[in-house]
Amino acid sequence: MKILFSFFTVVVLILLAYAGVNANMHFLFGAVIPYIAVAVFLLGFIYRVLKWGSSPVPFRIPTTCGQQKSLPWIKQNKIENPSSTLGVITRMFLEVFFFRSLFRNLKTQLYEGPRLAYGEAKWLWLAGLAFHWSFLIIFVRHFRFFMQGVPSVIKTIEGLDSFLQVGVPLLYMTDVIILGAVTYLFIRRVFIPQVNYISLAADYFPLFLIFGIAASGVLMRYFFKVHIVGVKELVMGLITFNPVEMQKMQEIGVIFYIHLFLISMLLVYFPFSKLMHMGGVFLSPTRNLANNNRMVRHINPWNYPVKVHTYEEYENEFRDKMKKAGIPVEKES
Amino acid sequence: MKIYDGGKIFIGLVIFVALFASPFYLNMGKAIAKPELKFDTPEIQRLEKETGKKQCVEPKEFMRGGHMQMLNNWRDEVVRMGNRDQIVIAGQKFDKSLQLACMKCHSNKKDFCDKCHNYMAVNPYCWTCHIQPKEKQS
């Protein structure tokens, strides 16, 4: 049900773009919606990050996966249980670039007895790594449509990606890898019972959407050809706020508008969804805090000034009564 | 609204926006040169005089997206299968050859091939085997 709902949402989006372009709404799908999408993405992203930033973190809550800093002869695990900024930076770097915490992913199985057993489950880590890196390379590679003189870095990345020189236009390795990885990430949600149980439409929808984006891109590059120079002219027109004329928009094939519309939808959906883990990974208190609870005094950020009544003030108030009752006082007057 | 660790968050957001929006400001104020192809080589003019129209082996719409696959197929047929049968278009015979057919008419590599290839930053590996034609024009 959740799967079908997500699947048909993406199908409807594709049909929407297809129908729109057939109804000559090129300007809407080729200029208006992309502009709105980029604006929603950037503003929404900033809003979400600032909203997270406004939540106080009262105490250090890093997940610790190794020996903490202790007595000098006990060896500290400086990456898994960092006590310094450098350690935190190393830990964050490995987390962001290599998904170190996913590497520890476990599968749990219940045997007769009952006996619980844990086993390694590295496929999620591998597929996640393949998916994210492919996505990044594809994203960077697309800058050749956004630059007048394309920097050599981007040409180099593209050259490495098409290094195998399979077919014409040259096959990009990342195109194959991302489709395979997304398919695995989907199959995993369907066939592993525990993962299936906790999967929501919000988990399936991005997978279908990203699969649609990658598949439409692959179809456009290798199968249904589009007027690619026209595509770049359209993109350059958009980023210089000088959109190309209608006739040029019509020359580009419909598959391009489907691709563009799905990307626009991804950008719009991004700030409201779990995809915000792109920014969120940097703001995870369980990752980005040093475990220095016992070394540094951390003051609760929501402490307010408490009204205190010191003994001195108390004695001033009740001195006469205390004297009468024979209670000793520190000051006589 | 108080932002905790505001400095770090601000730096992160600035980097993020600067990277994501880079096409907008990197291209700002630059004149965008669109590739204009030239179809006025002597051979094309002769063809136009003889047949009354400018005619490639396939229509423009196909050639725009499909020329690389056509060349690849020709390469496979000629080099790997030894099939050098000529193709006939509008009564004219053409070799299945980049240098002897395509470049015979489109002898202006700089004003034809390179225009779009440079614009799109693609670097086809034609000229790792073929000899680049020498062009007089600059």
Side-chain angles (χ1 to χ4, degrees), chain A residues 38 41-42 45-46 49-57 139-152 154-155 158-159 162 165 167-170 220-222 224-233 235-242 244 248 251 253 267 278-279 282-283 288 301, chain B residues 1-37 58-76 115-126 128-129:
Chain A
V38 169
F41 173 71
L42 281 178
F45 198 102
I46 292 169
V49 169
L50 291 182
K51 205 172 159 215
W52 281 329
S54 67
S55 314
V57 178
F139 181 78
V140 170
R141 228 176 50 203
H142 273 73
F143 269 61
R144 80 184 170 104
F145 294 101
F146 293 82
M147 300 272 172
Q148 175 73 337
V150 180
S152 57
I154 287 162
K155 287 184 188 169
E158 201 188 358
S162 58
Q165 296 199 337
V168 176
L170 297 181
M220 177 160 52
R221 178 173 167 86
Y222 305 102
F224 314 136
K225 303 293 184 173
V226 293
H227 181 27
I228 196 74
V229 171
V231 170
K232 180 154 182 180
E233 284 179 17
V235 173
M236 296 303 285
L238 287 182
I239 58 178
T240 52
F241 298 102
N242 189 14
V244 292
K248 286 216 160 172
E251 271 187 336
L267 288 177
M278 178 184 172
F282 295 98
L283 282 97
N288 67 12
Chain B
M1 187 164 72
K2 178 175 162 43
I3 306 289
Y4 297 87
D5 285 322
K8 287 174 197 161
I9 288 178
F10 181 72
I11 292 169
L13 280 177
V14 165
I15 292 172
F16 166 72
V17 173
L19 286 177
F20 189 83
S22 60
F24 287 104
Y25 58 83
L26 287 178
N27 289 295
M28 211 190 287
K30 276 188 192 168
I32 303 301
K34 290 170 185 170
E36 305 280 350
L37 304 187
E58 293 277 353
K60 183 174 91 178
E61 286 69 32
F62 175 84
M63 291 309 284
R64 261 198 313 227
H67 66 277
M68 65 293 272
Q69 271 168 352
M70 171 179 271
L71 285 168
N72 207 38
N73 292 343
W74 285 3
R75 196 250 343 241
D76 289 354
K115 272 281 158 73
C116 293
H117 290 163
N118 288 345
Y119 184 65
M120 298 306 301
V122 288
N123 188 18
Y125 55 92
C126 310
T128 50
C129 296

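Hydrogens, waters and symmetry mates play no part in the numbers below; they use all other heavy atoms, side chains included. This structure is a prediction, so every number in the text was calculated from the model and none was measured. To find a chain, count down the sequence lines: A is the first, B the second, and so on, and within it residues start at 1.
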*Does N27(B) use its side chain to pair, donor to acceptor, with the backbone of F146(A) at less than 3.5 Å?*
yes
*With a 4.5 angstrom heavy-atom cut-off, which part of S55(A) approaches chain B: side chain, backbone, both or neither?*
backbone
*Select, from I154(A), L238(A), L170(A), the one with the greatest count of heavy-atom pairs under 4.5 Å involving chain B.*
L170(A)
*Heavy-atom distance under 4.5 Å between the side chains of P35(B) and E233(A), does that happen here?*
yes
*Between K232(A) and chain B, which part of the residue has a heavy atom less than 4.5 Å away: side chain, backbone, both or neither?*
both
*Run the numbers on F45(A) and V17(B) for side chain to side chain contact (heavy atoms under 4.5 Å, CB included), then give the verdict.*
CA-CA 10 Å; F45(A) 198 102; V17(B) 173; over 6 Å; no
*Please state whether the side chain, the backbone, both or neither of L13(B) comes within less than 4.5 Å of a heavy atom of chain A.*
side chain
_As an exercise, state the distance from CG of L26(B) to CD of Q148(A), rounded to the nearest 0.5 Å._
12.0 Å
*Tell me, for M68(B) versus chain A, whether the close heavy atoms (under 4.5 Å) come from the side chain, the backbone, both or neither.*
both
_Using a 3.5 Å distance criterion without hydrogens, assess whether the side chain of Q69(B) forms a donor-acceptor pair with backbone atoms of V168(A)._
yes
*Counting only heavy atoms closer than 4.5 Å, note whether V229(A) contacts chain B via side chain, backbone, both or neither.*
both
*Please look at L19(B) and chain A and tell me whether the side chain, the backbone, both or neither of the residue comes under 4.5 angstrom of a heavy atom of that chain.*
backbone
*asked:* Looking only at heavy atoms and a cut-off of under 4.5 Å, which of K51(A), M147(A), H227(A) has the most pairs with chain B?
replied: H227(A)
*Interface moiety of I46(A) toward chain B, non-hydrogen atoms closer than 4.5 Å*: both
*asked:* For a quick test of reading the model, state the closest non-hydrogen atom pair linking V150(A) to A121(B) and the distance between them.
replied: CG2-CB, 3.4 Å
*So which residues of residues 4-12 of chain B are in contact with chain A at a heavy-atom cut-off of under 4.5 Å?*
Y4(B), I9(B)
*Examine whether an atom of V38(A) lies under 4.5 Å from a heavy atom of chain B, and if so say whether it belongs to the side chain, the backbone or both; otherwise answer neither.*
side chain
*Can you label the angle between the F41(A) ring and the F20(B) ring as parallel, tilted or perpendicular, going by 30° and 60°?*
tilted
*Given a strict heavy-atom distance threshold of 4.5 Å, which part of F62(B) is in contact with chain A: side chain, backbone, both, or neither?*
neither
*Return the minimal non-hydrogen interatomic distance between R144(A) and M120(B), and the atom names on each side.*
NH1-O, 2.8 Å
